[in-house]
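Below is one structure; the comments refer to it alone.
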Amino acid sequence: MLARSAQGLYWMGRYLERADHLCRLLRLQAEALVDRPIAEIYNGWNRIYSCLDRQPPGSGPDLFPGNDGDSNAGMLQVMGVPGTAAWQRSGGDEYTLADSFTLADDLTFERSNPDSVWNCFAMGRENARQMRHCISAEMWRSLNLAYLRIQQVDILDIWNASPEAFYVEIDADIDNFMGVAAATMYRDEGWHFMQLGRYIERAQLAVALFLAQTELFPPDYTGASEGSESDWIVLLRMYHAVEAYNRAYSVEVAPPQVLDLLVTDPLLPDSLCRSLDVAAAELTAIAPGPDRGSDAAARRLAGRLAALVHYDWPDTNDQRGLLTRLETHCRELHSLVSAAFFDYAHARPAMP
Amino acid sequence: MSTPDRFQDYNLDERVYDEMFLPAGEPREHCQRLFDALSDFSGEQLASVQERVTRSFSNEGITFTVYGDEEAEERIIPVDCIPRLLPKAEWDFLDAGLTQRLRTLNLFLQDVYGDAGIVADGVIPADVVYECPHYRPEMRGFTPPQGTWVAVCGTDVVRTNDGFRVLEDNLRVPSGVSYMIANRKATKASLRRLYRDSRVQEVEHYGRLLQETLLELAPDGRVNPRLALLTPGVYNSAFYEHMFLSREIGAELVEGRDLIVRDGFVYMRTTTGLQRIDVLYRRVDDDFLDPSVFRSDSVLGVPGLMDAYRAGNVALANAPGTGVADDKSVYAYVPDMVRYYLNEEPLLENVETHLCRNSEDLEYTLDNLDKLVVKRVGESGGYGMLVGPHATPAERAEYAEQVRADPNDFISQPTLDLSRSPCLIEGNFEPRHVDLRPFILHGRKTRIVPGAFCRVALRRGSLVVNSSQGGGGKDVWVLQD
């Protein structure tokens, strides 16, 4: 298939996965706003921004005089830290809740934020629009309708009614799109590139979230961790894993077990090992790219990534170290795929 | 006769042909069924028909791109839900006339890039041909596959009380055919019963005919020739159409950057390496096709493409250089060409045209600016023209200066009373001016689907149907009997 088309479908898969992931995070955060303690809400925003490697809007040195600095690098600064004098002065609860509005807007609709749900969705849809001839008519229709719906709302529309309902809807739109794709798309290379993009993105986002989570709440391997049980339940809910966890372990939530399940359960549709297995399998289904060196390296790396979670994770003493390696490898895999299939130097023509 | 309420403001004007009504106010025979159906609809039903048609365009993302100051905007072409009907006999006449015309134009192109007998025989002046900016000396001595210079043509036809007239031949990269099909799909789905009862001829097989036509142009001996459609890219206003057609004809949708020329063959970059292309349906203008031959600043084109083309290793549709045959000055000579090449009388007439390059015509034009439409030879899309009767004296005076400064660049035509067709405007039926763009395909033979993109000047009183100038579209139903 045309290299540029394959690239467009690959990015369509990536962007929609990114929009989906952020929507699910925001949905859980929007739910937390109703009944969770302020500290947990604060941690929730931190987790999201840290996972995106993004600074919240309006954060600057003058806004957090009470912040004790070094340990909070990358932390949410705009709200101040709950419990500190600065935070008390600024109005506590009220302040945090009002700020949540700004943060949700930044993450959902902000046009200048390349990672906002709106932008990821629009980019996914734009790639689909340019590659419309490579996807099924039903896929385009389902995505375009969802896009037209998002176009009609802004943060004020969703905030006062039920923000979580909005995120649930977008999440469902993307699930629906992927379902329509599974039901209608021709299984040519376009399909495999779309899936490859989607699962590389999914793996990369999961690794980033696990790194953010373990930075906020370092587990101590006695089963305890900083943060409350519900800080970890959020992670299970994020990946549709609550029931699986209850069945495999117990209703009591132990952070190391949460991570083990999310990383290694092959039956869990969102588990890291499954994302990496699927990515490797999709790559196998794609015919060798013209840049044979990058092609072979990409295939080896995809295998190594899967092996790291299957065979290294259960025995490692340094989960964060392993997650960091996985994060680097995911980026490398993306570069190798681009070099092998999309941006290759002109090879010799096939026989005319 | 008692007209229902929604036709009460429908003004008939004896100077203007009405597509639905006879001058006395009775519906034309072939429109009786449509008239009855429209009269039976309640206001809500009509609104819902229109709403479904419009929504179908937005849901399907059938858009064209408009460039504003800040960013490009995807817009939906306004579509009127009331179809324009053509009886079979009228269509058969158009079909024959359009076929004759395209045959002639292909012969003309072969001639002017060859021995130019038509110039030698004094039928058309040499300067009209050779000074035309779209004449490509690079094409001299070349014969395209099957002698087909124009494989895809979109001819603008208008109707007055005197009958059908060709307003313009579009022989370079005509667009609009996707709207013909989209209008049909939307209108058919919204007027289901009426459509079934009306026995309308199909248009949705256009893609198949286009594919057959293009494959007939493939280099000799190629088994399973590969088609590609060359688009300027997603920012082109007709991108939707490019995408749509590539899908219909099973072609890769490529941009210039996807193609490279090696050893005289054209290849596209695929995920498994380079693959040869046999036929390129190009929707990029001549100027931008090959920077090593035409405009060197083109980033849309493919260096070396013309070499591959001249070597016969790839076919281009349409051939470069066809613009000389749809030039507004050359247009005036098409009826003479028909007589010259085919020894037949032209079936479809031209609009009376004055070439300002001739001094009598110039004088006539300047004396009658208030009655004429004056156009620049090199412009299209409704740009750069003066509609005399609708212009202020000051505008006419200013335009006259431009004409005097460079008469060769202008032609004038009488202001035509384009026929009108009923449109649904704010819940009532009102007449609006329309034209007709049928699409004619020519490979080894001529193929035409019985239908057209009908453009509508939706602004009251406006004669300009171009979508860039506030025009819309409607479906055309060619009836089976």
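By convention in this document, chain letters (A, B, ...) are assigned in the order of the sequence lines, proteins followed by strands, and residues within each chain are numbered from 1.
The CH2 atom of A:Trp140 lies 7.5 Å from the CE atom of B:Met243; values are rounded to the nearest 0.5 Å. Note that CG of A:Leu148 is 11.5 Å distant from CZ of B:Arg55, once rounded to the nearest 0.5 Å.
With a 4.5 Å cut-off on non-hydrogen atoms, A:Arg149 does not touch chain B at all. Residue contact with chain B, scored on non-hydrogen atoms closer than 4.5 Å, is absent for A:Gln7. The part of A:Glu189 that comes within reach of chain B is its side chain, from C-beta onward, which places non-hydrogen atoms under 4.5 angstrom from that chain. For B:Phe244, no part lies near chain A; criterion is any non-hydrogen pair under 4.5 Å. Contacts of B:Ser58 with chain A are made by both backbone and side-chain atoms, with heavy-atom separations under 4.5 Å. Residue B:Glu255 touches chain A through both its backbone and its side chain, counting heavy-atom pairs closer than 4.5 Å. Using a 4.5 Å cut-off between heavy atoms, A:Leu2 touches chain B through backbone and side chain atoms alike. Proximity to chain A (any heavy atom under 4.5 Å) is restricted, for B:Ser246, to the side chain, taken from C-beta onward. B:Glu252 touches chain A through its side chain: at least one heavy atom from C-beta onward sits under 4.5 Å away, while N, CA, C and O do not.
Within a 6.0 Å sphere centred on CG of B:Asp297, heavy atoms belonging to other residues, nucleotides or ligands number more than 12. Within a 6.0 Å radius of CZ in A:Arg111, more than 12 heavy atoms belonging to other residues, nucleotides or ligands are found.
Ranked by heavy-atom pairs under 4.5 Å with chain A, the first of B:Gly233, B:Ala228, B:Gly61 is B:Gly61.
The side-chain contact (heavy atoms from CB on, under 4.5 Å) test with A:Arg4 is passed by exactly one of B:Asp258, B:Leu253, B:Thr271: B:Asp258.
Using a distance-only test at 3.5 Å, with no hydrogens or angles considered, a donor-acceptor pair links the side chain of B:Arg247 to the main chain of A:Arg132.
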Exercise for the section: Might you work through the side-chain contact (heavy atoms from CB on, under 4.5 Å) test for B:Tyr240 and A:Arg129, ending with a clear yes or no? Expected result: CA-CA 9 Å; B:Tyr240 165 76; A:Arg129 183 168 85 92; over 6 Å; no
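Between B:Glu60 and A:Asn144, every side-chain heavy-atom pair lies at or beyond the 4.5 Å cut-off. Side-chain contact check for B:Thr270 versus A:Met1: every heavy-atom pair is 4.5 Å or farther apart.
Taking each heavy atom of B:Gly273 and A:Pro290 in turn, the nearest pair found is N-CG, 3.5 Å. In terms of heavy-atom proximity, A:Phe342 sits nearest to B:Arg269 at O-NH2, 2.5 Å.
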